[in-house]
Amino acid sequence: MLRIALPNKGRLSQEARELFTDAGLEIRAAGPRALTASLGGEFQALFVRAQDIPEFVADGAADAGVTGFDLIQESGRAVDMLADLEFGRCRLAIAAKEDSGVVALEDIGAGMRVATVFPRITRQFFAERGAEVEVVPVSGAAEIAPHIGIADVIVDLVSTGSTLRVNGLREIATVLESTSRLISTPAVRADAVRARALDELVGALSSVLAARGKRYVMANVPRSRLEEVKRVVPGLNGPTVIDIMNGGEHVAVHSVVNAATIYRTIADLKALGAEGILVTRIERLMP
Ligand code: AMP
C-alpha cells in the first residue's frame, strides 16, 4: 500500500482531487470528513493540513504527498520533489504600505520588522542579503500588521494581488515562486515494491498534466496542400495522414497540438482549405 498525504482543505485540496480523479485515482471516501480514503489499487489517501504534509512525508507517516513548494521550503525538511503538479500557483512576496517610503528591496534595512506566516523562508531571504531585519511570525492575516504597527513590511502569498491592493499594500519584490509538488523520500525509493507504485503514480499524474495543455485535431485537407499542413500541425512525430476512400482530393490529418494556440491552428488549417475540422481533449499523453 502506498500512502499519499493530500491537503484536506484550502486552495490545494480541490485541484489535487481533480488531478487524481483525472489520473484514474478516484477518491473513494466513506464520508466528507473521512481522514483516509482508498484511491483504488494499491493507493491510499490520508487527508491532512497542507502545511503538515512535508513533515508527514519526511517522517515516513506517508510515503508520498502533495503540497505547495512554499510549504515544503518553510518546513525545512528534506524531501524529494518528484513532479511539479502546476496548480496552486502563487508567489511569496514582500509588500509595504502604499504610503510608506519603502518602494524597493534596498529600502528594507536593519531593525525593520517583517510580519509573515513564513518565518524560516523570510529569515533566510534577508540573511542572504545581509539585511538584519526582525521577523515577526504571525499565524495568518499578515496584511493587517503594517496598519496596526506591529511590522513595517510583510512577506505573504500573492496570487492575483487583489488582497494586497484592498489592504493598501504595494508589492515590492518576490521571495519565491510556488506551485504544488508531488514529494516523497529516498527511503520509499529504496523499497522495490513502493518504488514501482511511486513510478506508476508519477507516470499517471504526469500524463494527465501533459494532456491538459494539448488537443487532438482532425481535419480533411487537400492532398496538394499536405506540406503546408504539416507545418501547421507538426504533431509529436509528424501528423498521421489517412486516405479517405471516396476518390476525392482530400486526405484526413490527425495531430496533437498546443491547446493555447488552437484558435490559430484552426484558422491556419481553414486557410489551407481544410474541412470537417474536429478538436477533442486528450485524457492522457505519454510522449
Ligand atoms: P490574491 O488576493 O489573489 O493575491 O490572493 C492572496 C490571498 O490568498 C492571500 O491571503 C494568500 O495567503 C492566499 N493565497 C493565494 N494563493 C495561494 C496559494 N496557492 N496557497 C495558499 N494561499 C494562497
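For reference, positions follow the sequence shown, starting with 1. Both counts, for ligands and for their atoms, begin at 1 and track the order of listing. Values in this document were obtained by computation on a predicted structure and should not be read as measured data.
Here is the list of ligand 1 atoms found below 4.0 Å of a heavy atom in Val158: 4 (O). Which parts of ligand 1 touch Thr163 is read off a 4.0 Å heavy-atom cut-off, strictly below it: atoms 1 (P), 2 (O), 5 (O), 6 (C), 7 (C). Heavy-atom proximity to Gly88, at under 4.0 Å, picks out these atoms of ligand 1: 19 (N). Listed by number with element, the atoms of ligand 1 under 4.0 angstrom from any heavy atom of Gly161 are 1 (P), 3 (O), 4 (O).
Using a 4.0 angstrom heavy-atom cutoff, Gly68 does not count as in contact with ligand 1.
Residue Arg49 places its CZ atom among 12 or fewer non-hydrogen atoms of other residues, nucleotides or ligands, all under 6.0 Å distant.
For the salt bridge (Lys or Arg N to Asp or Glu O under 4.0 Å) test, residues two or more places apart in sequence or in another chain that qualify with Asp199 are Arg189. Listed by chain and number, the residues in a ring pair (Phe, Tyr, Trp, His ring centres under 6.0 Å) with His147 amount to none (sequence neighbours excluded).
Counting only heavy atoms of the protein, atom 17 (C) of ligand 1 lies nearest to Arg11 CD, 3.4 Å. Summary of contacts: the protein heavy atom closest to atom 21 (C) of ligand 1 is Leu157 CD1, 3.6 Å. Atom 3 (O) of ligand 1 has its closest protein heavy atom at Thr160 OG1, 2.6 Å.
The side-chain tip of Arg123 does not point at the ring of Phe125 from less than 6.0 angstrom away and within 45° of straight on.
Residues Ala259 and Arg215 share a closest heavy-atom pair of CB-NH1, 3.6 Å.
In this structure, CG on Leu39 lies 8.0 Å from CD on Gln44, to the nearest 0.5 angstrom. We find the CE-CD1 distance between Met81 and Ile183 to be 8.0 Å, quoted to the nearest 0.5 Å.
Contacts between Ser159 and ligand 1, counted as non-hydrogen atom pairs separated by less than 4.0 Å, involve both the backbone and the side chain.
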